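Structure first, then comments.
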Amino acid sequence: MTIRVVLADDQTLLRGTLRLLLDYSPGYEVVGEASDGDEALALVRAHVPDVVLMDIRMPRTDGLQATRSIREDSSLAGVKILVLTTFETEQYVAEAMLGGANGFIGKGTDPPELLAAIETVTRGDMVLSATASVALVKRFREQQHTPLPAVPGRLAELTPREREMVALAAKGLSNEDMAQSLRLSRYTVKTHINRAMTKLGVSERAQLVVIAYECGLVKPGGHPPTQ
């Protein structure tokens, strides 16, 4: 399967670098380049790509607003948005994820990791860099943009395997990563994650990240518990 990508970044040199990377990587096709959020939205509506690599700071309409605009268009529901930025701040991470982004990584990401992130969001999993994970948790603690349910009692309802899955998800592992690490099928991992989300009363994977840190399943800079 060819993953069709729109590049949205106001830096011409960076767009060129990303295009070269994707052009020389099997299974990718760049269908458009945008230098601001308005152009990105127009290209997404015209081509309906699989993934948008979205910068945040762009002239006219920035990447955060462009992300929200894409999510408000029901005909673009299948388009995945991977934010690629220099600024992994609490505010940007929270706004991007609440606005409907599927992932958030830094521009310092190595090429193999970037390609893996694109493939991960294409499959429907979420990607958060370690820096973005910590920033997201800190932002939620300070602002509480999205009210979370009372978790401590519900946390006890999780099975040991579900707790492990939530912890690994909070560390930024995709379903594919967890499946390989634990020698399980992706279907089994997805089932555990979905059951954990149901028990915790959340609908977004980003909220699992917050819960995992808030409840001590993982700690910033630490490691998830093991079986």
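The structure presented is a predicted model; accordingly, all values stated were derived computationally and were not measured.
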**Request:** Start with the C-alpha gap between Leu53 and Ile118, add the side-chain angles, then the distance that decides, and say whether side-chain contact (heavy atoms from CB on, under 4.5 Å) holds.
**Result:** CA-CA 8 Å; Leu53 288 185; Ile118 294 173; 4.1 Å; yes

**Prompt:** Quick one: does Val5's side chain get under 4.5 Å of Val31's, heavy atoms only?
**Reply:** no

**Message:** Set out, in order, the CA-CA distance, both residues' side-chain angles and the distance that settles side-chain contact (heavy atoms from CB on, under 4.5 Å) for Glu119 and Val127, then state yes or no.
**Reply:** CA-CA 10 Å; Glu119 293 174 6; Val127 174; over 6 Å; no

**Item:** Sidechain-backbone polar pair: Thr198 side chain, Asn194 backbone, donor-acceptor under 3.5 Å
**Value:** yes

**Asked** Which residue pairs pass the side chain to side chain donor-acceptor pair (under 3.5 Å) test when at least one of the two sits in residues 9-20, sequence neighbours left out?
**Response** Asp9-Lys107, Arg15-Glu33, Arg19-Glu33

**Message:** Regarding Thr188 and Ser185, do their side chains bring together a donor and an acceptor under 3.5 Å, going by distance alone?
**Reply:** yes

**Prompt:** Between Asp55 and Leu84, does a side-chain contact (heavy atoms from CB on, under 4.5 Å) hold up when you go through it step by step?
**Reply:** CA-CA 5 Å; Asp55 188 21; Leu84 181 62; over 6 Å; no

**Residue pair Ile193 / Ala169: nearest heavy atoms and the distance that separates them** = CD1-CB, 4.3 Å

**Complete:** What one should report as the nearest heavy-atom pair of Thr109 and Leu114 is CG2-N, 3.6 Å

**Request:** Would you give the length of the straight line joining atom NE2 of His47 to atom CZ of Arg4, rounded to the nearest 0.5 angstrom?
**Result:** 7.5 Å

**Request:** Would you sort out whether Tyr92 and Arg57 count as a side-chain hydrogen bond (donor to acceptor under 3.5 Å, both in side chains), showing the intermediate values?
**Result:** CA-CA 10 Å; Tyr92 286 154; Arg57 289 191 178 182; 3.2 Å; yes

**Prompt:** How long is the gap from CG on Leu7 to CG on Leu14, to the nearest 0.5 Å?
**Reply:** 8.5 Å

**Item:** Donor-acceptor under 3.5 Å (Glu72 side chain, Ser69 main chain)
**Value:** no

**Request:** Check whether any side-chain heavy atom of Met165 lies under 4.5 Å from a side-chain heavy atom of Leu182, and answer yes or no.
**Result:** yes

**Request:** First locate atom OG1 of Thr159, then atom NZ of Lys199, and finally report the distance between them rounded to the nearest 0.5 Å.
**Result:** 5.5 Å

**Message:** Return the CG to CE distance between Leu64 and Met54, rounded to the nearest 0.5 Å.
**Reply:** 9.0 Å

**Prompt:** Taking a hydrophobic cluster as the set of Ile, Leu, Val, Met, Phe, Trp and Tyr residues connected by side-chain heavy atoms closer than 4.5 Å, whether directly or through intermediates, do Tyr187 and Met178 fall within one such cluster?
**Reply:** no

**Prompt:** Out of curiosity, does Leu13 fall in the hydrophobic cluster containing Met58 (side-chain heavy atoms, cut-off under 4.5 Å, transitive links)?
**Reply:** no

**Fill in**
When every non-hydrogen atom of Thr67 is compared with those of Ala101, the smallest separation belongs to CG2-N, 3.8 Å

**Request:** For residues Ile105 and Thr85, determine if any side-chain heavy atom of one lies less than 4.5 Å from a side-chain heavy atom of the other.
**Result:** no

**Message:** If we check side chain to side chain contact (heavy atoms under 4.5 Å, CB included) with Tyr28, which of these qualifies: Ile3, Asp23, Val51, Leu21?
**Reply:** Ile3

**Asked** Are Arg186 and Glu176 ion-paired here, with the side-chain N under 4.0 Å from a carboxylate O?
**Response** yes

**Message:** How close do Arg71 and Gly99 get, counting heavy atoms only, and between which atoms?
**Reply:** CG-O, 3.4 Å

**Straight-line distance of Glu157 CD to Arg195 CZ, nearest 0.5 Å** = 14.0 Å

**Message:** Can you list everything that forms a side chain to side chain contact (heavy atoms under 4.5 Å, CB included) with Ala34? Sequence neighbours excluded, please.
**Reply:** Ala8, Glu39, Ala40, Leu43

**Request:** Find out whether Thr120 and Leu82 are in side-chain contact, i.e. whether some heavy atom of one side chain is under 4.5 Å from a heavy atom of the other.
**Result:** no

**Salt-bridge criterion met for Lys80 and Asp50 (N-O under 4.0 Å)** = no

**Item:** Co-members of Tyr24 in a cluster of I, L, V, M, F, W and Y side chains, linked at under 4.5 Å
**Value:** Leu20

**Asked** Looking only at heavy atoms, what is the nearest atom pair of Ser25 and Leu115, with distance?
**Response** OG-CD1, 3.6 Å

**Item:** Point-to-point distance, once rounded to the nearest 0.5 Å, from CZ of Arg68 to CD of Glu95
**Value:** 6.0 Å

**Request:** In sequence, state the C-alpha distance, the side-chain angles, and the governing distance for Leu41 and Thr61, and then conclude on side-chain contact (heavy atoms from CB on, under 4.5 Å).
**Result:** CA-CA 10 Å; Leu41 181 58; Thr61 300; over 6 Å; no

**Prompt:** Minimum heavy-atom separation for Val83 to Ile56, with atom names?
**Reply:** CG1-CG1, 3.7 Å

